[in-house]
Amino acid sequence: MADYEDDNVSDEYPGSPDMELMEEEEDEEEKQAMQAECCQKFATTDYIMEPTMFPVLQKYLSAGGAPEKVVELLSENYHAVAQTINVLAEWLIHSGVKISEVQDMVEAHLKEMILKNFDPKKADSIFTDGGTPDWLSKMILFPTWRTLFYKLAEDYPDCLMLNFTIKLISDAGFQGEITSVSTACHQIEVFSRVLRTSISGFLEGGEEALDKHLQEFTKMVCHGEHTYLYSQILMHNLARELKGGSNVRRLCQELQKCATEKGLDVTPITLSLSGAAAYPRACQALSSMLSRKALNPADMTQLFKMYSEPDPPPVDLIRVPVFLDLLIETLFKPGSHVNPDHKHKYIHLLAYAVSVHEAHRKGNRKGVNKEELKQTAQALDKTQSLCQHHRGASDLIADVGTLFGCLKFPVCAMGVLRWVDHTVSEPSYFKLNTDHTPLHLVLVDEIGTNHPLLHTKALDLLIRLFESTYDELDVLVRLELKKMLLDRMVHLLSRGSAIPVVTYVRKCSEQQDVDISLIRHFVTEVLDVIAPPYTPEFVQLFLPLIENHDITGILRTDDGSDPVTEFLNQCGTIPAWT
């Protein structure tokens, strides 16, 4: 009986010899497991360089691990990769390579390896211990590593560590850099901050900022329907402000156009924000045509009747970029046949959209100003008739004075530019043309003279023509044709588009895919039309062309009276032929 009671006591009560033995065995097993786990880490390449080495070493020693084993594993697996890179970098510097170039080489290779081997699961495990790693906070201070995080965020949008890093970058004040990162679209706080910074940049930078950053901005805003709707509602409210409201409205329209070009159906959002719900008939007619991207005579007749009434719908309803493009394309595309019974309706709606001004007070329309409607419609009618009935230059020469008068109206200039684009893009146009400067391109010059806002579209047309091959033409004829196109670009430069034009020609020179004589012709013509003072940006872009001996060497004279030397002297630059 006593033995039975002793056995029960040993099984049920702590402190008995058997229980203590079991606990010691379990504790020993845990220590052995901890040592094995630590040794596994010590056996990895260059683990002594890892920031977690000391905490792991403390765990190992606390578990009773032998110090000799640590020294053996760390020394056997020390390959000195980082130190070898440092030695090689020092050798390169001593051999004459610039420190910045060596640093760029190392960083570029490191970025390549990270992109190749990045594991989002391991990256997410960084935060298992809680808190933000010190190295991460330091990395985002450097542009090179921020660029790396942007790229990784595009490739791994579901990685929590990268999402957190993007927010960290935004909080640090670098939100202006992440307009192209779709990860920002998943975090309302980051997205709002980036959106605000981007809109402010467009308002301050004007047309140049719009041309430069619109593509990235559109990519971010059009990431999803929710981001597009949020952005448009915000900008729609900003557009009501007197200061800068018209510029924000322009940005809204550019976004609508870009979203449509990307294949997104944003028609319901566009019509809702323009107040179409209060005019169901107009809304139905517009929605039908915008969704199908084609005009319909029945719907156009319905809109014409509504906008011919004494109390028409708001003009904003038909100021949709896609709708205006459809009207211009239908009226001015060569070969597009508009029913004569409906043509005046198309012209009336287009003229109404671009010329009528509405006065509002406290959100209510107080008046509709139609003073410019009649003359705008008349100019459109004349322009459209001339373009459709006189496609050849010889037919049009007699009416060129009338056409020049119509080109004073921006909408007519836009239509003629579209018509010229279609006409000169035909493969046989320059083959059949014998004039040094075709009349159609003279019209482009006139448009550039009158309308700075159309310079971008005019330059795009000239660039496309310049980059065409023209294999059917003789080599000398081809060179003369491209010189003529460069002359058209120089005209745009003289009318205020110096930076875009010189930027393009500079790129052609750097890529070395254009005959050097063409670059020389451009430089000669530019020197003939410019005069000081010059902006630093222009000098920075144009100076490499001037300093290139292959381009301007034969333009210089011994007495220094040539335009090249004069330009260098005006810029305070000593010629450095390269």
Side-chain angles (χ1 to χ4, degrees), residues 21-142 144-149 151-153 155-156 159-162 164-165 168:
L21 181 61
M22 290 176 60
E23 290 177 351
E24 289 177 0
E25 291 177 353
E26 291 178 358
D27 186 50
E28 185 64 27
E29 290 178 359
E30 290 179 1
K31 289 182 178 180
Q32 291 296 332
M34 178 65 72
Q35 291 179 29
E37 181 184 347
C38 294
C39 287
Q40 186 178 3
K41 294 181 178 180
F42 294 146
T44 58
T45 302
D46 283 345
Y47 189 74
I48 194 173
M49 303 298 296
E50 295 292 333
T52 57
M53 199 277 290
F54 285 106
V56 172
L57 178 61
Q58 290 178 350
K59 290 182 181 179
Y60 177 77
L61 296 176
S62 300
E68 296 82 3
K69 183 69 173 178
V70 178
V71 174
E72 180 183 348
L73 289 173
L74 291 177
S75 59
E76 287 181 354
N77 293 282
Y78 179 62
H79 294 174
V81 174
Q83 284 70 21
T84 303
I85 293 174
N86 290 336
V87 171
L88 289 174
E90 290 181 4
W91 287 354
L92 287 171
I93 294 171
H94 287 305
S95 65
V97 182
K98 294 181 180 179
I99 296 178
S100 58
E101 293 181 7
V102 175
Q103 183 176 346
D104 291 341
M105 290 169 56
V106 174
E107 290 179 350
H109 181 71
L110 186 56
K111 284 175 64 177
E112 181 181 346
M113 296 302 296
I114 293 175
L115 289 170
K116 182 178 179 180
N117 299 288
F118 185 79
D119 187 342
K121 292 183 178 179
K122 290 183 178 179
D124 289 343
S125 67
I126 292 174
F127 297 96
T128 54
D129 296 332
T132 304
D134 292 338
W135 57 265
L136 184 60
S137 301
K138 295 176 181 177
M139 279 186 73
I140 65 171
L141 298 178
F142 297 91
T144 301
W145 306 124
R146 291 200 299 272
T147 304
L148 171 66
F149 284 123
K151 174 60 178 173
L152 289 172
D155 296 338
Y156 305 96
C159 179
L160 298 178
M161 177 265 188
L162 293 175
F164 174 79
T165 305
L168 206 63

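Just so you know, residue 1 is the first one in the sequence shown, and it goes up from there.
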For this session: Taking the side chain as every heavy atom from C-beta outward, state whether Asp155 and Phe118 have any pair of such atoms under 4.5 Å apart.
Result: no

For this session: Flag the pair Leu160 / Phe164 as yes when at least one side-chain heavy-atom distance between them is below 4.5 Å, and no otherwise.
Result: no

Problem set entry | Inter-residue atom distance Met53.CE - Gln58.CD, 0.5 Å rounding | 10.0 Å

Problem set entry | Tyr156 side, atom OH; Lys121 side, atom NZ - distance, nearest 0.5 Å | 12.5 Å

Problem set entry | Nearest heavy atoms of Cys159 and Asp124, plus distance in Å | SG-OD1, 3.3 Å

Problem set entry | Pairwise side-chain contact, Met139 with Thr165, heavy-atom cut-off 4.5 Å (strictly under) | no

For this session: Please lay out, stage by stage, how Phe149 and Met161 fare under the test side-chain contact (heavy atoms from CB on, under 4.5 Å).
Result: CA-CA 10 Å; Phe149 284 123; Met161 177 265 188; 4.0 Å; yes

Seminar exercise, completed: In short, ring pair (Phe, Tyr, Trp, His ring centres under 6.0 Å) pairs touching residues 49-73 with sequence neighbours left out are Phe42-Tyr60

Exercise. Can you list every side chain to side chain donor-acceptor pair (under 3.5 Å) pair that touches residues 78-90, not counting sequence neighbours?
Worked result: Tyr78-Gln83

Exercise. How far does OG1 of Thr147 sit from CH2 of Trp145, to the nearest 0.5 angstrom?
Worked result: 10.0 Å

For this session: Give the minimum heavy-atom separation between Ala63 and Met34, together with the two atoms involved.
Result: CB-CG, 3.8 Å

Exercise. Does some side-chain heavy atom of Leu73 sit less than 4.5 Å from a side-chain heavy atom of Cys39?
Worked result: yes

Problem set entry | Separation between CG of Leu168 and CG of Leu162, rounded to the nearest 0.5 Å | 12.0 Å

For this session: Using a 4.5 Å cut-off on heavy atoms from C-beta on, say whether the side chain of Leu115 contacts that of Leu152.
Result: yes

Exercise. Hey, what do you get for CD1 (Ile93) to CG (Leu88), rounding to the nearest 0.5 Å?
Worked result: 11.0 Å

Problem set entry | Which atom of Leu61 lies closest to which atom of Pro67, heavy atoms considered | CD2-CG, 4.1 Å

Mind listing the side-chain donor-acceptor pairs of residues 97-113 below 3.5 Å, one per line with the distance, residues two or more places apart or on another chain?
| unit_1 | atom_1 | unit_2 | atom_2 | d |
| --- | --- | --- | --- | --- |
| Gln103 | NE2 | Glu107 | OE2 | 3.1 |
| Glu107 | OE1 | Thr144 | OG1 | 3.3 |

